[in-house]
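A short write-up of the structure that comes next.
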Amino acid sequence: MDFVYDRTQADIDNRTAKGFLNAVDLNRVENNIDVISGKLALPFTKKIWARTGLPRVADFTRIRNGVNAIREGYGHYSDTPATPSQPLNTYQKWNDVERILHDVNEVYDRSMGALNYCGEVLAGEGIGTL
């Protein structure tokens, strides 16, 4: 999974790839929401964007609601941003959307990596019996 949450005003001013929201960005965000929602057993209807597709208010609402459900439904870091309000019309809000997805995904993956799936947890076994 890929996350882009380091957009800056310079990206906007210099018209870099990060300075524009396009189908590639929307597909990345939709895919990330879909994958993380699947991990957390949350419903989400993923849309695949074509280069000529125009997002509507309902699309941004669906994306925001998906991100909010993920943020509220699982652990995140203390510095994870709040779910941005509508409209999702600034680079800061898109940074927040992708940072939330990154943080929740990382917390989830670390939590799952810490589980002992089979066998015994070793804790002082070499010490002897009581």
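Worth knowing before you read on, the calculation uses all heavy atoms, side chains too, and leaves out hydrogens, waters and symmetry mates.
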Side chain to side chain, [X] and [Y], heavy atoms closer than 4.5 Å:
| X | Y | answer |
| --- | --- | --- |
| Tyr74 | Ile36 | no |
| Val104 | Leu40 | yes |
| Pro81 | Gln92 | no |
| Val107 | Tyr77 | yes |
| Ile70 | Leu42 | yes |
| Ile63 | Glu30 | yes |
| Val97 | Arg64 | no |

Ile12 with Val4, same ILVMFWY side-chain cluster at under 4.5 Å: no
Ile100 reachable from Tyr91 in the ILVMFWY side-chain graph, under 4.5 Å edges: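 Not linked; separate clusters.
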Derivation and outcome, salt bridge (charged side-chain N to carboxylate O under 4.0 Å, His left out), residues Arg56 and Asp59: CA-CA 5 Å; Arg56 306 285 183 213; Asp59 295 313; 5.9 Å; no
Inter-residue atom distance Phe3.CZ - Asn105.CG, 0.5 Å rounding: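 Going from CZ on Phe3 over to CG on Asn105, the span is 4.5 Å.
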SB check [X] [Y] (cutoff 4.0 Å):
| X | Y | answer |
| --- | --- | --- |
| Asp79 | Arg99 | yes |
| Asp103 | Arg71 | no |
| Lys18 | Asp25 | no |

Taking every non-hydrogen atom, the tightest pair across Asp109 and Lys39: OD1-NZ, 2.9 Å
